Amino acid sequence: QHQMRLAAALLDAGQAEEAAANYEACLKGPFASDLDIRWGAAQAWQASGRPGQAAAQLQAIRGQDPAFRAEAIALALARRDLGEVEGGAA
């Protein structure tokens, strides 16, 4: 849990790569299925320029508990999809 708090603090401080590395370590431990850790990992991956990994994690959250942050997850996925469309059209 200490590592999860560190990852969240790093993400809040704008250190997305370091946060992502810490969340990845959390996902390999006993809290790997924790939805808050998965959510944080998705945010860190998105912020560090890895939208594919972020989307995969968001889909995994949705599969585990469709009600968990449903609106925020739908919005994050829609933003990613919109970015792909805009990026492809440019």
Side-chain angles (χ1 to χ4, degrees):
Q1 288 182 338
H2 172 72
Q3 192 162 25
M4 184 177 100
R5 287 192 296 268
L6 174 60
L10 288 167
L11 186 58
D12 287 343
Q15 298 177 14
E17 283 294 331
E18 293 86 355
N22 278 277
Y23 277 118
E24 286 173 24
C26 291
L27 290 170
K28 295 176 185 171
F31 300 105
S33 62
D34 183 281
L35 295 174
D36 286 315
I37 292 173
R38 288 178 170 229
W39 171 251
Q43 290 181 306
W45 285 328
Q46 183 66 38
S48 63
R50 295 186 270 172
Q53 284 181 282
Q57 197 61 246
L58 293 171
Q59 294 291 359
I61 292 169
R62 217 182 231 177
Q64 186 176 342
D65 182 355
F68 181 83
R69 298 186 191 231
E71 295 84 11
I73 289 172
L75 182 59
L77 290 170
R79 284 183 178 152
R80 177 185 175 269
D81 292 344
L82 181 60
E84 286 181 357
V85 170
E86 289 177 353

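If you're wondering where the values come from, they're calculated on a predicted model, not measured in any experiment.
- Arg38 and Glu24 are not joined by a salt bridge, as no carboxylate oxygen comes within less than 4.0 angstrom of a charged side-chain nitrogen.
- Remark: Phe68 CZ to Trp39 CH2 distance equals 7.5 Å, nearest 0.5 Å.
- Between Ala44 and Leu11 the shortest heavy-atom distance is CA-CD1, 3.8 Å.
- The shortest non-hydrogen separation linking Gln53 to Trp45 is O-CE3, 3.5 Å.
- Annotation for Ser48 and Glu17: closest pair CB-OE2, 3.1 Å, computed over non-hydrogen atoms.
- Of the inter-residue distances, the one linking Asp81 atom CG with Arg79 atom CZ reads 12.5 Å to the nearest 0.5 angstrom.
- Summarising the geometry, atom CG belonging to Leu77 is positioned 9.0 Å from atom CD1 belonging to Ile61; distances are rounded to the nearest 0.5 Å.
- Scanning both residues, Ala54 and Ala42, for their nearest heavy atoms gives CB-O, 3.3 Å.
- Taken from CG in Asn22 to CD1 in Ile37, the straight-line distance is 11.0 Å, to the nearest 0.5 Å.
- Phe31 and Leu35 are assigned to two separate hydrophobic clusters, defined by single-linkage of ILVMFWY side chains at heavy-atom distances under 4.5 Å.
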Step by step, would you call Leu27 with Gln57 a side chain to side chain contact (heavy atoms under 4.5 Å, CB included)?
CA-CA 11 Å; Leu27 290 170; Gln57 197 61 246; 3.7 Å; yes
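- Taking a cutoff of 4.0 Å between a charged side-chain nitrogen and a carboxylate oxygen, Arg69 and Asp36 qualify as a salt bridge.
- Minimum interatomic distance between Met4 and Cys26 (heavy atoms only, all atoms of both residues): N-SG, 3.7 Å.
- Considering every non-hydrogen atom in both Gln3 and Ala25, the closest pair reads NE2-CB, 3.3 Å.
- The structure places CZ of Arg5 at 13.0 Å from CG of Leu10, a figure rounded to the nearest 0.5 Å.
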